[in-house]
Amino acid sequence: MLNDAVAPEIVPAAGSDKDAPLKEDIRLLGRLLGDVLREQEGDAVFNVVETIRQTSVRFRREADAGAALELDAMLKELSREQTISVVRAFSYFSHLANIAEDQHHIRRRRAHLLAGSPAQKGSVSFALRKLRLAGVPRKTVDTFFQDALIAPVLTAHPTEVQRKSILDAEHDIARLLAERDLPQTPKERHANMQLLRSRVATLWQTRMLRYSKLTVADEIENALSYYRITFLRELPGLYDDIEDDIAAEYPNGDGTIEPINAAYVQMGSWIGGDRDGNPNVNAGTMQHALARHATTILDFYLDEAHALGAELSVSTLMVGVSAELQALADQSPDASPHRSDEPYRRALIGIYARLAATARALGATNILRKEVGAAAAYPDAAAFVADLRTIVASLEPHHGAALVRPRLATLARAADIFGFHLASLDMRQTSDVHERVLADLFAKSGVAADYTALSEEDKQALLLNELAQPRLLHSPYIAYAAETDSELAILRAARDIRQRYGARAIRNYIISHTETVSDLLEVLLLQKETGLLRTDWQTGDSICELMVIPLFETIPDLQRAAGIMSQVMALPLVKLLIAKQGQLQEVMLGYSDSNKDGGFLTSNWELYKAELALVADFRKAGVKLRLFHGRGGTVGRGGGPSYEAILAQPPGTVNGQIRLTEQGEIIASKFSNAEIGRRNLELLVAATLEASLAPQEANPARNGQLAQFEAVMAQLSDLAYHAYRHLVYETPGFTEYFFSATPIAEIAELNLGSRPASRKANQRIEDLRAIPWGFSWGQCRLLLPGWFGFGSAIETWINQADGAAKDDKIATLRAMYAEWPFFATLLSNMDMVLAKTDLAIASRYAELVADQGLRERIYKRITDEHGNTLRCLELITGNTERLAGNPLLARSIQNRFAYLDPLNHLQVELIKRNRALSAESRIDERVHRGIQLSINGVAAGLRNTG
């Protein structure tokens with residue numbers, strides 16, 4: 001793994017020359033890591049690492065029982081210090097392999113573009129060409145971009161394993177690796193190698209783990225690092241590229257490009273506003289989040305304004321300027337005679353002064369460059385944009401058009417996108433909390449003694465009556481429960497934040513576990529109590545500042561979703577509020593809990609059905625639907641390629657409006673490299689554009705077979721649901737098996753996030769959060785939530801028929817795969833999960849279950865279902881090899897897993913030691929640290945485990 005002698009093990013066994021640079025990069029980084037390991041830990045540790053690697057490879061490739069025994073003996077003999085070093089070595093190799101792969105993706109894409117190849121699938125130019133050839137006019141495309149909202153929403157969850165210090169070091173390594181693709185003199189090459197070696201050494205000497213629990217403030221800072229790396233520059237740059245693409249595919253008669261001023265891609269965040277199950281989030285964290293957001297974006301604006309001031313040295317002795325620009329310059333506090341003929345510089349000095357004043361007003365405490373003189377803060381971001389557009393409008397007619405694009409236009413675009421708030425902070429709380437708060441308010445105001453005991457019908461009547469009252473329930477002279485005071489304080493803070501940072505700073509309130517109409521009305525009433533919902537009692541006109549968004553999560557919730565929304569949208573008050581929202585309403589769908597509740601197949605099907613039902617009901621109500629997809633990293637939590645996922649959405653569910661969560665280590669995977677981040681943002685735009693505007697293709701599925709396909713899917717879902725529920729919730733001892741055969745207990749101890757792993761302090765799977773549930777199955781390499789139940793469903797459904805009817809059923813399944821994007825995407829994602837599943841490794845974790853009878857009984861059920869699933873997948877797709885349609889990912893898995901396996905073996909050994917010590921009420925911090933390091937390494941190696 002770590003030197004040239006063993007490099008052939010870590011490169012593709014087969015493949016074209018295009019993989020040669022990847023091979024070279026992996027060999028280089030592996031050799032540097034090996035050199036550092038020798039220098040820091042000595043030859044003995046290096047040799048142990050190599051021996052473990054070679055034995056692990058033999059175990060994987062030959063299923064050698066002798067290799068398994070050798071591994072066991074070897075790992076048991078490791079000292080605690082050696083164990084830590086070995087775990088770190090394999091973990092860091094996973095990280096370095098990721099860097100090499102990312103660089104190779106960038107290299108291949110650039111080669112494609114340099115060769116002048118046709119637009120790649122997934123690019124905006126490809127989508128535009130497809131639309132143009134299908135007859136979609138330019139006006140329709142322009143309207144799409146003016147009205148669209150595409151919003152990636154960053155969330156912090158308990159699977160985020162990366163420290164910012166590690167990310168920073170890896171970012172440097174990626175940059176240095178990219179430089180090696182450029183022409184370099186021997187001296188430059190040598191300097192690059194020395195810097196790479198020093199960065200790898202820095203990585204080795206940097207603590208990989210957090211010794212203290214991550215705070216919400218830490219999570220906010222981690223998320224902000226991705227803005228500095230990627231979003232602040234790449235998102236405005238993407239807008240520029242898209243304008244060029246539109247002009248290329250739909251040229252105007254005079255060749256000019258009409259700018260699209262709408263901010264159709266905007267960033268969202270849950271970090272600091274998501275209270276569901278997180279007692280650490282409150283009014284203070286929301287205020288802190290927005291202050292840090294504003295500081296981050298205003299630091300960027302200040303840097304760019306300063307740079308523009310240096311660049312725009314245009315003199316009125318050479319060219320003229322507009323009267324508006326001259327007036328802007330005259331308002332500047334800059335009175336230097338040296339710049340009297342440089343109005344652009346003077347204007348920018350004034351803009352800088354106003355930005356500095358704005359930054360201080362919005363919570364910034366450290367302006368690095370002091371402004372020339374005092375100036376008034378901007379009232380809002382629109383006023384800042386107006387000043388920038390004044391500069392643009394002066395440059396363009398005065399021979400300065402070439403000076404606009406490089407920085408000025410991009411800065412104006414960034415201000416449109418990010419405002420002074422950077423990202424919209426969503427608020428989220430569970431419906432149970434709202435009910436308790438209102439019960440407290442109702443009881444102490446004498447309105448209802450026991451609100452929680454009322455029927456749903458009576459709750460709705462009471463809530464609607466209170467919403468129609470001009471008075472408030474809350475009194476400043478009554479003592480309320482601490483929870484009531486906290487929740488009301490949070491809503492008041494939201495109102496203050498909107499007034500201070502702008503309406504886009506907070507505009508959504510999400511209700512977890514929405515089960516009834518009253519769940520939505522409760523949040524409207526809480527907004528009324530805190531001044532966020534206001535009514536003119538003379539005219540009856542109402543305005544609500546926060547859109548109330550239901551989150552439907554479990555299987556029963558998804559089945560009720562359309563009915564609940566139909567009832568809500570029929571209420572006169574809600575009708576009025578939706579009209580004020582532009583006749584648009586958002587609904588959030590939860591992938592994680594529905595999967596944990598009903599399994600992979602049923603979750604996907606119920607989500608599909610819920611979307612179709614919502615589309616139909618919203619169409620009847622004349623309301624535009626925006627879906628918010630609560631996707632995670634794993635396929636079991638809605639993960640998988642975003643482009644394919646959006647295109648596989650049911651017809652009518654996108655329409656230029658989509659929000660989706662980016663969670664855990666997926667954020668690092670997608671956005672820690674600027675170029676890859678830009679590509680991922682483009683994929684979202686391209687998929688949304690295509691899904692919204694592409695004419696429906698005429699194919700057998702849409703011409704009559706779709707109803708048949710859906711009927712088959714309903715039957716399969718029912719069968720898969722029962723198979724999954726029977727294992728997870730109805731099999732005696734399954735909970736004990738899960739808590740023993742996975743590192744869930746150790747994950748709960750890891751300082752990963754500010755949110756606890758379980759909603760309650762117990763070992764009930766029902767109360768375990770869906771995120772650590774999926775994360776645990778990934779660590780032990782079973783990834784059960786991404787496939788279990790599929791094989792049983794297909795096998796049972798086929799065997800319900802006899803003779804030729806079986807062949808007909810198989811033909812139907814194959815037609816579904818070939819002609820129905822929903823089913824094809826579902827199978828493609830499952831194929832990826834199965835490629836990452838490893839029963840040999842999983843069997844080592846099963847050995848952690850002390851009860852042999854329980855272990856054998858449940859593990860056999862899992863392996864039997866795994867075999868069924870593989871056979872059924874192959875029967876439908878015709879592919880006997882995993883990832884036959886994605887050779888790049890297949891090679892990636894082949895390359896990395898020989899080095900991931902040792903981490904799993906080490907993790908099992910460390911868990912054994914830890915649990916043995918725990919049984920004696922003893923603690924070994926080194927063992928704990930080793931387990932946590934292995935969790936980090938496995939997560940990095942799998943890349944989408946959260």
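- Using the six-membered ring where Trp is involved, Trp820 and Tyr608 have ring planes that are perpendicular, over 60° apart on the 30 and 60° scheme.
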For Ser594 and Asp597, what are the C-alpha separation, side-chain angles and deciding distance, and is it a side chain to side chain donor-acceptor pair (under 3.5 Å)? CA-CA 5 Å; Ser594 59; Asp597 186 32; over 6 Å; no

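- Residues satisfying the side chain to side chain contact (heavy atoms under 4.5 Å, CB included) criterion with Lys121, sequence neighbours excluded, are Phe126, Tyr643.
- Of the listed residues (Tyr264, Tyr250, Tyr239), just one forms a ring pair (Phe, Tyr, Trp, His ring centres under 6.0 Å) with Phe145, and that residue is Tyr264.
- Asp241 pairs by the salt bridge (Lys or Arg N to Asp or Glu O under 4.0 Å) definition with Arg678, not counting sequence neighbours.
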Given side chain to side chain contact (heavy atoms under 4.5 Å, CB included), test His629 with Thr661 step by step and report yes or no. CA-CA 7 Å; His629 300 270; Thr661 52; over 6 Å; no

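- For the salt bridge (Lys or Arg N to Asp or Glu O under 4.0 Å) test, residues two or more places apart in sequence or in another chain that qualify with Asp440 are Lys444.
- Remark: Phe384 pairs with Tyr301, Tyr378 by the ring pair (Phe, Tyr, Trp, His ring centres under 6.0 Å) rule, at least two apart or across chains.
- Qualifying salt bridge (Lys or Arg N to Asp or Glu O under 4.0 Å) partners for Arg560, counting only residues two or more places apart in sequence or in other chains: Asp557.
- Remark: Arg138 engages Asp142 in a salt bridge, criterion side-chain N to carboxylate O under 4.0 Å.
- Between Glu435 and Lys459, at least one side-chain nitrogen of the basic residue sits less than 4.0 Å from a carboxylate oxygen of the acidic one, meeting the salt-bridge criterion.
- Between Glu606 and Lys609 there is a salt bridge, since at least one side-chain N of the basic residue sits less than 4.0 Å from a carboxylate O of the acidic one.
- A salt bridge links Asp426 with Arg659: the distance from a Lys NZ or Arg NE/NH1/NH2 to an Asp or Glu carboxylate oxygen falls below 4.0 Å.
- Evaluation of the salt bridge (Lys or Arg N to Asp or Glu O under 4.0 Å) rule for Arg619 yields no partner, not counting sequence neighbours.
- Ion pairing between a basic and an acidic side chain is recognised when a charged N comes within 4.0 Å of a carboxylate O; Arg471 and Glu466 show such pairing.
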